[in-house]
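Inspection log for the structure reproduced underneath, given as structure tokens.
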Amino acid sequence: MSKMDKTLLENAKSIIKERLCKSGYSHNVRADIDIAALDLGNLLQRTVEFGESNSVLVVGAKGSGKSTLINRVLEDIHNDSKNAKNLLIVKLNGYLQTDDRIALAEITRQLKLENTIGDKVFGSFAETLAFLLEALRSGDMSKSQPIIIILEEFDLFAQHKNQTLLYNLFDIAQAGTTPLAVIGITCRLDVMELLEKRVKSRFSHRQIYICNPSTLENYVQQFTDVLLLDKAFGKTAKHKAFVKKWSSHVENLTKNSSVLEILHKQYDYCKEASPLHQILFLPVCSLSQEHQEITPADIAESSQLIFNDSKANILHGVSVLELCLIIAMSHLTNIYEGVPFNFQMVYNEFLKFSQKKSHILQNYTKPVVLKAFEHLIELELLKTKDHFMTHSGKLQKEYRPMILLVDHSQLREAVAKYPGCPTDVKQWAESSIV
Amino acid sequence: MSHDSSAIPARGKQIEQLISIFGDPVDVTMPALFVYGHSSCGKTIVLNHVLEKLKVPHVVVNCTECYTNSVLFSAILQGLSGDNDLGSWKCDNLNDLARNLRKVYESQGWNETAYIVFDKAERLRDREVNLLPALINLQELTSLNFCVILVSELPWEKFYNGVGIRQPFIVFFPDYTKSELGEILCHCRPDGVDREFYQHYISIVLAVFSLACRDLRELKHLSELNFSTYCAPVKAGKFDEGDKHKLWKHVEPHLKEALQQLYLRKVSSEEWMKLHDITESGDATVLKPVKNSDTIELPFYSKFLLIAAYIASYNPASTDKRFFVKNAGRMKKTARSMKKDERKNSHLRGPHAFPLDRMMAIFYSIVDSRVPPTANIFSQISTLVTLHLLAKIGHEDEIDCPRYKCTVSLDFISAVAKTMNFDIVRYLFDFV
């Protein structure tokens, strides 16, 4: 393949990779987001043009498209050139601003008010708050610059002490001085119950709900859309030929029955876009000069890695001694119906087996078996079940009550897949009688 | 991009996978990666190798070392900026971290992906609940090209914490197969040793230890420890290098003993090598016993007190009459006593607490001579509690009836009883 074509493939690869990895920018068309964007856009337009103050909450499950919506609306506002000049946007995030003090400093910093020099904000919390409130209160609807404040992870702000920041922001939004639009984004559907009474009464109770109504056809369409290259890829004839070839590959892929089956399975688990992107990530990354198109085998391999049971992977790597201990524990759990066991009981059970089959398992000393047991605790395949009344500090580690976190069917599969498992151990796993 | 497979044997597929995931430095990659696999299966070494080979900006922080948020954030910033001045990157909340990361990124003029690797990431679960989601979203929060890589022994399902976390891209490092282990161990042979000779030695080591232990670190330690023993007769000229059977016969008891002490590290490696040193004239099969650090020397009455405490802990109170009162008669063999429920076996359930009076009663009955109840005897009980051979149960206020529990194992108490010529098994209800 010529050097020019190689660069084309690399270009295509980086464009698609960006679509897969960046969050908050959706390539797909979704009707419900369009409607919500219209609503929100109108609201913000009123703030910017007529100086109306507003507050709104965007509520939707994680991954359902809220950030995409906000980014789209903000882009629209920016592109409307008469507004772009005098608009101030402040973006806050509940993960970063874990305290009202930090949030206030960040607002002051982003608004570039007089008490910041470079990056540092001077003054204590009370002073900064008073300064900010005064600045915002002394504004005028028609003459001041409109401010849009976006609060991501809104529910985390509601957990700050006294909800001071929220109270003040909503208060100013109601006061009718500086034009202020407060947009809260959250994934909690019960966010209204988190607000205090005085904060709730100042909020306009305007909520926009985002939910993902895609059907299986929409889902498959999303799959195709994320892979297709559009006209913006290039103008030259070579580019157009490449796009045509690429599109036909993607069409073939979509019609392939095994790919459709995988997509259906993933759709049954989760409708959101990010798991779909993760399935496509490895095949797209493996595109290269030798491997120029995505094959159904690539997608099958990638989805298998994702659908793998991680506990089975861990069980594949334990030693035979540890596997025997897990089998002993599984039998104890079966016989005694879920009553917590301790190391001494497991060791007893293990001895019953190893004494009869000492040709495969030498008689390991008790401290060695205890170390293997502790390794299993570290891998979190076991868990202590200390009742609060037992003097857990005074219990020796051999007698601490434990439960097993591995299901019998998982164990049976793991024993079947275990490399070089002695047959006696396999038989013991099946029935508890040695 | 081809890699140097001789540097890291048996991990070629993972190296290729990582290189393809990282891709072209200017592109974005997945905002968070999660790498998991058993301990010592090569995760950190492969990541280090790939990141250094690609010459991308990166920093590796260990979450066990960085035990508070401010130490963690400072370590990240120092690593990325290459600035070792401790004072300049003080940072104790996430907002400052985000701002400082932006400063570092812009000051270094990068336009490529910068990687932050968190080793032992399971420790992050115990910090505040929003730290992990915030770190995984670092690319979105700072709007810069960062990639966060979490490395852990536990699978991702152990990281769910009730707050929504975006799922990172999961990469699994499978454990080594037996042949891969052999290949890696041969790779680390000491200089000047013949390859085939060492390969044979490694296959012997794997045959003995692989059922109990598949951990590369432990196997490497064991093979290094025992190699001098293995080649001692060859050096002394007794056997030939090709005499495989004789070499195996010679080293087998040493390896079997090492198996009994697997992972335990009761003696330091140097002491072990000294104990197993074959002197020129000495007979190879004589092994000096490892000093058993389990036995403690106690005064005469303390040993009896301990034995009495053990009996009191592990026997039910109703059977005291039978063991310790002379001429108590035989227990009636009722149907109930025949059906000894294995579940009630105290040796499986654990010791139970007993009042001091009961232990003293048993003590007086097992000690032959008359012992006056002086403060000497009672202070020895306190010593036993300090040595953690007994445990005091209950509140500090109950001074008229203190309750204790015995926390030694059967092996230990049998050893103690043997020194006193006391047959303890005869007095234990579970062994009747």
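Chain letters run A, B, ... following the sequence lines, proteins first and then strands; every chain starts at 1.
Residues L219(B) and F209(B) have side chains in contact (heavy-atom distance under 4.5 Å, counting atoms from C-beta outward).
Taking CD1 of I306(A) as the start and CZ of F281(A) as the end, the distance is 10.5 Å to the nearest 0.5 Å. Here the straight-line distance linking atom CZ of R125(B) with atom CG of N161(B) works out to 9.5 Å at 0.5 Å rounding.
With a threshold of 4.5 angstrom between heavy atoms, V369(A) does not approach chain B through any atom at all. With a 4.5 Å cut-off on non-hydrogen atoms, E378(A) touches chain B through its backbone and its side chain both. Of the two parts of L405(A), only the side chain, counted from C-beta on, holds a non-hydrogen atom closer than 4.5 Å to a non-hydrogen atom of chain B. Residue contact with chain B, scored on non-hydrogen atoms closer than 4.5 Å, involves the side chain of S67(A) exclusively. Contact of S274(A) with chain B is not made at all, since no heavy-atom distance falls under 4.5 Å.
The residue among D99(A), L321(A), T98(A) with the most heavy atom pairs within less than 4.5 Å of chain B is L321(A). Counting heavy-atom pairs closer than 4.5 Å to chain B, the top-ranked of the candidates Q344(A), K91(A), K366(A) is Q344(A). Per-residue heavy-atom pair counts under 4.5 Å with chain B were compared for H277(A), E152(A), E106(A), E18(A), and the maximum is reached by E106(A). Between chain B and the residues M345(A), Q278(A), H375(A), the most heavy-atom pairs under 4.5 angstrom are made by Q278(A). Options V368(A), L20(A), L305(A) differ in how many heavy-atom pairs under 4.5 Å they form with chain B, and the most are formed by V368(A). Across K22(A), E322(A), K311(A), K13(A), the residue that shares the most heavy-atom pairs under 4.5 angstrom with chain B is K311(A).
For R400(A) and N342(A), the side-chain atoms include no donor-acceptor pair closer than 3.5 Å.
Side-chain rings of F34(B) and F169(B) stay apart, their centers remaining 6.0 Å or farther from each other.
Atom NZ of K62(A) has more than 12 neighbouring heavy atoms from other residues, nucleotides or ligands inside a 6.0 Å radius. Counting non-hydrogen atoms of other residues, nucleotides and ligands closer than 6.0 Å to CD of E128(B) gives a total above 12.
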